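Structure first, commentary second.
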Amino acid sequence: MTMLTAELRSCLSLADKLNLPMVGIHIEQACAWLVANGHDGMASARDQSDPRPAPIG
């Protein structure tokens with residue numbers, strides 16, 4: 001699960017750099033799904049490692 005978390009954070013960071021807000025939204029939805037289905041290690045891909053605000057879009 002830790003590897004998945006790291007990969008999702010990496011993808012989210014890349015989506016932000018490439019200004020792809022819809023991709024970021026889908027990644028965050030995947031994280032929310034993991035949390036809702038009992039994978040507590042996935043609070044949010046953005047919570048702890050990325051201090052930037054979520055993109056508007």
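In what follows, residues are counted from 1 in the order of the sequence shown. None of these values were measured; they are calculated from a predicted model. The analysis underlying the following values was restricted to heavy atoms, covering all of them including side chains, and did not include hydrogens, waters or symmetry mates.
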### Task
Find the distance between CD (E7) and CD1 (I27) and round it off to the nearest 0.5 Å.
11.0 Å
### Task
Calculate, to the nearest 0.5 Å, the distance between atoms CG and NE2 belonging to L20 and H26 respectively.
11.0 Å
### Query
To the nearest 0.5 Å, what is the distance between CG (D16) and SG (C11)?
11.5 Å
#### Entry: Side-chain heavy atoms of R9 within contact of L12, under 4.5 Å
no
### Query
Taking all non-hydrogen atoms of both residues, which atom of A15 and which atom of G24 are closest, and how far apart?
CB-N, 4.0 Å
